[in-house]
There are 2 protein chains.
Amino acid sequence: MKRDSRLSGVLHVLLHMAQQPGPFTSETLAKAMDTNPVVIRRIMAGLRELGYVRSEKGHGGGWTLACDLSKVTVRDVYAALGSPALLAMGNRTEAPGCLVEQAVNAALDQAFGDAEALLLARLGEVTLKMLGEDLRKRLGSRKPHGMSAHHA
Amino acid sequence: MKRDSRLSGVLHVLLHMAQQPGPFTSETLAKAMDTNPVVIRRIMAGLRELGYVRSEKGHGGGWTLACDLSKVTVRDVYAALGSPALLAMGNRTEAPGCLVEQAVNAALDQAFGDAEALLLARLGEVTLKMLGEDLRKRLGSRKPHGMSAHHA
DNA sequence: CCATCATGTAACATATCAAGTTACATGAAA
DNA sequence: TTTCATGTAACTTGATATGTTACATGATGG
């Protein structure tokens, strides 16, 4: 369990949901993602709070898309996860008294900041709708599919 | 101990060394960095292999700069550390059979790749000499300093 | 030669965090 | 009221950077 794959995971879930009418239970989604229902609920919690999805309890309950896929970007989804750290590297000390460290931080912060900004910008260019359309292309002429036929 | 701060740390060490003639023992450097001598040896090992620094045992031993500071970039130093992961996020599955996951990966890989490339390019633009000059500016008119007066 | 110093390295300890798991409460539908 | 599904807390697991201890290796100076 090395790098954070929540963004990858939650996009996978959303794209699955966009392919068929819902609702989807956490268990169904978890099976398709080869993971645990609780993990699904965890990564979906933030999306629910922002109104991108809805969840219903009881019989016939589960998760439903509740947003305009052409309006929501990958960056929005990232933010819904709580904007976890993008970079694996950081400064030893954030506000050092040591001038040497300050010089190092200044240089690294510049580079790190640029990279983060570019990444966020790129993520902001991709809507969920675009991802769905790309998926459609990959599916080619195949007819609508079940959730179990194409696990990772 | 969250994010990898080895690059920050090793740059700090190199900059300290560039300010005064050597050699410097791991213990001296460790004190200035408020860490352990073994940690210093560990992050310096890769630099030694690439010839950026030398190390001598015994009396009067320690670490010495062994490169042209105007030729070595922060990117080189990063590579000497073994090029650890730059991004904190990654794909759930690297080579998925699932087409949904492939679509997600394609989009994320594009953004991640761009950000990594930019970061590496930025790091490649900064030489150790430039860091040293920036440090000199920050030091202002102060005279050459000891190692213990400006800890982080 | 030998005591001292310093690096080199293995081994172990600690801290953090994502991910996985278990357990149970809450609430909706049949 | 039974069943189903989410909500959430608590615990476990695995990975990794960092910190620490211990000891071997080799160089210097007496």
Side-chain angles (χ1 to χ4, degrees), chain A residues 1-10 12-13 17 22-49 53-64 66 78 81-93 152, chain B residues 1-10 12-13 17 22-49 52-64 66 78 81-94 152:
Chain A
M1 300 161 192
K2 203 171 26 182
R3 297 160 83 189
D4 186 341
S5 66
R6 279 176 294 178
L7 181 58
S8 170
V10 73
H12 191 161
V13 168
M17 292 174 68
F24 305 84
T25 68
S26 299
E27 196 180 344
T28 303
L29 294 170
K31 281 212 180 86
M33 306 266 305
D34 198 38
T35 183
N36 193 291
V38 176
V39 174
I40 300 292
R41 294 190 191 116
R42 214 143 52 188
I43 62 178
M44 296 288 275
L47 297 194
R48 183 185 53 229
E49 277 165 33
V53 297
R54 264 181 301 115
S55 63
E56 302 290 346
K57 291 178 176 178
H59 285 275
W63 298 91
T64 321
Y78 162 76
L81 293 176
S83 305
L86 293 173
L87 298 182
M89 317 192 67
N91 293 324
R92 251 171 34 92
T93 310
Chain B
M1 300 160 193
K2 200 167 33 179
R3 297 159 84 187
D4 187 341
S5 65
R6 279 176 293 178
L7 181 58
S8 169
V10 74
H12 191 161
V13 168
M17 292 173 68
F24 305 84
T25 67
S26 300
E27 196 179 344
T28 304
L29 295 170
K31 280 212 182 88
M33 305 268 303
D34 198 39
T35 182
N36 194 290
V38 177
V39 174
I40 300 291
R41 296 191 189 112
R42 217 146 49 190
I43 64 178
M44 297 288 275
L47 297 194
R48 184 185 53 228
E49 278 165 33
Y52 298 150
V53 297
R54 264 181 302 113
S55 63
E56 303 288 347
K57 292 179 176 178
H59 284 277
W63 298 90
T64 322
Y78 162 75
L81 293 176
S83 302
L86 293 173
L87 299 182
M89 316 192 68
N91 292 324
R92 253 170 34 92
T93 310
E94 239 13 272

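At the heavy-atom level, B/R54 lies nowhere under 4.0 Å from the strands shown.
Checking each of A/T35, A/I40, A/I43 against A/L29 for a side-chain contact (heavy atoms from CB on, under 4.5 Å) leaves exactly one that passes, namely A/I40.
Nucleotide D/dG19 holds its C1' atom 13 Å from the CE atom of B/M33, rounded to whole Å. Atom CG in B/L29 sits roughly 12 Å away from atom C1' in C/dA6 (whole-Å rounding). When rounded to the nearest whole Å, the span between CD of B/E49 and P of C/dG8 equals 10 Å. Atom CG in B/L87 sits about 16 Å away from atom C1' in C/dA18, given to the nearest Å. As rounded to whole Å, 8 Å separates atom P of D/dG19 from atom CG of B/D34. Atom-to-atom, CD1 of A/I43 to C1' of D/dT6 comes out at 15 Å; the value is rounded to the nearest Å. Note: NZ (A/K31) to C1' (D/dA5) measures 13 Å, nearest angstrom. In this structure, B/M44 atom CE and C/dT7 atom C1' are separated by 12 Å, rounded to whole Å.
Here B/S55 reaches the OP1 or OP2 of C/dG8: one of its side-chain N or O atoms lies under 4.0 Å away. Residue A/R48 places at least one side-chain N or O closer than 4.0 Å to OP1 or OP2 of D/dG7. When the side-chain nitrogen and oxygen atoms of B/R6 are compared with OP1 and OP2 of D/dT18, one or more of them lie within a distance under 4.0 Å. The phosphate of C/dA18 (OP1 or OP2) has no side-chain N or O of A/S5 nearer than 4.0 angstrom.
Of the possible donor and acceptor atoms, none in the side chain of B/R3 sits under 3.5 Å from a partner among the backbone N and O of A/A88.
One distance of note links CG of B/N91 with CG of A/L7; it measures 9.0 Å at 0.5 Å rounding. Between the CE atom of A/M33 and the OG1 atom of B/T93 there is a distance of 8.0 Å, given to the nearest 0.5 Å.
Proximity note for B/S26 (side chain, C-beta onward) versus D/dG7, C/dG8, C/dT7: the nearest is C/dT7.
A pairwise comparison of heavy atoms in B/Y78 and B/P84 identifies OH-O, 2.5 Å as the closest pair.
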Query raised in the report: Using a cut-off of 4.0 Å between protein heavy atoms and nucleotide atoms, how would you tag nucleotides 20-30 of chain D 5' to 3' with B, S and -?
Result: BB---BBBB--
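Using modelled atom types and a 3.5 Å distance limit, the side chains of A/S5 and A/S8 yield no donor-acceptor pair.
Considering only heavy atoms from C-beta on, B/V53 stays 4.5 Å or farther from B/T64 through its side chain.
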